[in-house]
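Structure, as structure tokens:
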Amino acid sequence: MSSRTAAPGPEVRPGADPSRLRWVALAVLVLAVLLVGIDVTVLGLAAPFLSEDLRPSSTQLLWIGDVYSFVIAGLLVSMGSLGDRIGRKKLLLTGSVAFGALSVLTAYAHSAEAMILWRALMGVAGATLMPATLALIRNIFPDPRERSLAVGIWGAMTAAGTAIGPVVGGFLLEHFWWGSVFLINLPVMAVLVLVGSKLLPESRNPAPGPWDLPSVGLSMVGIIALVYAVKEAAAYGFRWDAVLAGLAGLAALYAFVRRQLRLPAPLLDMRLFAHRGFSGAVLADLLTILGLSGLVFFLSQFLQMVQARTPFQAGLAELPAAIGSIVAGLLAGWVARRTSVRGAVSGGLTAVGLALGACLWLQATTSYLLLGGVLLVVGAGAGLAFTVTADVILSTVPKEQAGAASAVSETAYELGAALGIALLGSVVTGVYRSFATPSGVPEGAAEHARQSLGEAVRTAHTLPPAQGGELLAAARDSFTEGLRYGATAGAVVLLAAAVLAWRLLRGQRLDGES
């Protein structure tokens, strides 16, 4: 293994405490992941408001919602490898400046086409942030126990951003215009750039080889085409365009792997996957997100359109998941060392699976006591598992490849989310669309309502009060039943992931364990 060319931590000034500076540097890094987490969730809340202003078509609205995640998924591996080559600090700060500038352009987008363009470019900038932050943690914290805690804080802030997004977004949308949800990025990015330029150390691979542009293209085409195919198939079935996109994506990824195996300095060293701990941790992450996506994607709709909460109230209702994730993430390294890596990961995934199974008792009138308890356990179990797997991924690769390895982990997250929404989402929507037409409700109105729960709400308002109430009650009951089935399917996936993690992570230890 080659030695690093960068110092193991921030530059130490006379009289400064190097240990304290490491933690200050970490505080700067988690600002980036906090912001990315917030940005993922706020757009869903803002969509109805920007639709009234920009008047996008249904296809344009889908692209506004999806293009950001498409581009991030396609570029994560390439950007992680680029950071290993040019310097992770340089990539992070450059991406942060771009992310802030594009946030302003997005907030003041004057048309649907402009919004799609700015969101796509925000995806390019966002792809630089996540792998760079985790790779820098690998270099700032050479002590394994300190690094475990740092990874726990990193994971906790990722979860916190996802949970805080609906709360912050709901508050802003109730008091300001939709563009305000993007302008909150500016002060955070300003602090990150100003403080990070002083405190963060630079680190890179001292002998990286060239950045192979054909590999970049194959990676991006393969991932974007595959994610697009999965989402389109989930929404509209296996149409010819989804099938062709899926086949093109698989072909591009096959060519990508073949090329990496032949290159002397590959964009992604495929030999990393020969390490059982690395591949087991990545697979566990993918399956965990896949199993959780059904609940996460439809939960906000359940809280707002079934239980009639405001966006701000719905955001507050989801906070137990963040609290559980933060606490478990901070304790994850200690738990894994006191028990075992596979015990911590499998135990966390089992807890999530059992909590999802409790959703079998979910009803439209269910009190918050059950739902809040489920979210707390889901957050704690996922926080424990994700933190330990992130630590394993960082511990099993050379420091020089930390960026590419971190990007693989984030790509697994994106693919798991796409597959989960497609597979489990089809379960939820399939059950939802099967509800019987209430007596007295025109069949045409019922068909409109079966398109989505949001459409059912809009259709109910066009009918006489008695008929509209019956239609909405039927739609809500059917949606809740679909959510129960989707959560149950997710529980099966999570319990299977727990068994798989127990087998694949056998004998795996964190750095610093005796």
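In this text the structure is predicted, and so the values were computed from the model without any measurement.
Residues that satisfy the side chain to side chain contact (heavy atoms under 4.5 Å, CB included) test with V499, not counting sequence neighbours, are absent from this structure. For T389, the side chain to side chain donor-acceptor pair (under 3.5 Å) test picks out D285, with sequence neighbours left out. By the ring pair (Phe, Tyr, Trp, His ring centres under 6.0 Å) test, Y228 pairs with W63, sequence neighbours left out. The side chain to side chain contact (heavy atoms under 4.5 Å, CB included) search around V257 returns L261, M270, not counting sequence neighbours. Partners of A487 under the side chain to side chain contact (heavy atoms under 4.5 Å, CB included) rule, at least two apart in sequence or in another chain, are C359. Listed by chain and number, the residues in a side chain to side chain donor-acceptor pair (under 3.5 Å) with R503 amount to none (sequence neighbours excluded). The salt bridge (charged side-chain N to carboxylate O under 4.0 Å, His left out) check on R259 picks up D212, with sequence neighbours excluded. Scored by the ring pair (Phe, Tyr, Trp, His ring centres under 6.0 Å) test, Y254 finds no partners at all (sequence neighbours excluded). With sequence neighbours excluded, no residue forms a side chain to side chain contact (heavy atoms under 4.5 Å, CB included) with A27.
A salt bridge (charged side-chain N to carboxylate O under 4.0 Å, His left out) check over residues 240-256, counting only residues at least two apart or in different chains, returns the pairs R239-D241. Sorted by first then second residue, the side-chain hydrogen bond (donor to acceptor under 3.5 Å, both in side chains) pairs that include residues 490-502, not counting sequence neighbours, number zero.
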Report all side-chain donor-acceptor pairs from residues 91-107 shorter than 3.5 Å, counting only partners two or more places apart or in another chain.
residue, atom, partner, partner atom, Å
T94, OG1, K90, O, 2.7
S96, OG, L92, O, 2.8
S103, OG, F99, O, 2.7
S103, OG, N185, ND2, 2.7
T106, OG1, L102, O, 2.8

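Counting heavy atoms from C-beta outward, F386 and V345 have side chains that stay 4.5 Å or more apart. I72 places none of its side-chain heavy atoms less than 4.5 Å from the side chain of M79. The closest side-chain heavy-atom distance from F278 to V392 is not below 4.5 Å.
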- Message: Show, in sequence, the C-alpha distance, side-chain angles and deciding distance for E113 and W118, and conclude whether the side-chain contact (heavy atoms from CB on, under 4.5 Å) test is met.
- Response: CA-CA 9 Å; E113 293 82 1; W118 302 138; over 6 Å; no
- Task: Decide side-chain contact (heavy atoms from CB on, under 4.5 Å) for L253 and I223; before the verdict, give the C-alpha distance in whole Å, the side-chain angles of both, and the deciding distance to 0.1 Å.
- Result: CA-CA 7 Å; L253 290 177; I223 296 293; 4.0 Å; yes
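Taking the six-membered ring for Trp, W23 and F141 have ring centres closer than 6.0 Å.
Between the side chain of T350 and the backbone N or O of S346, at least one donor-acceptor pair lies under 3.5 Å.
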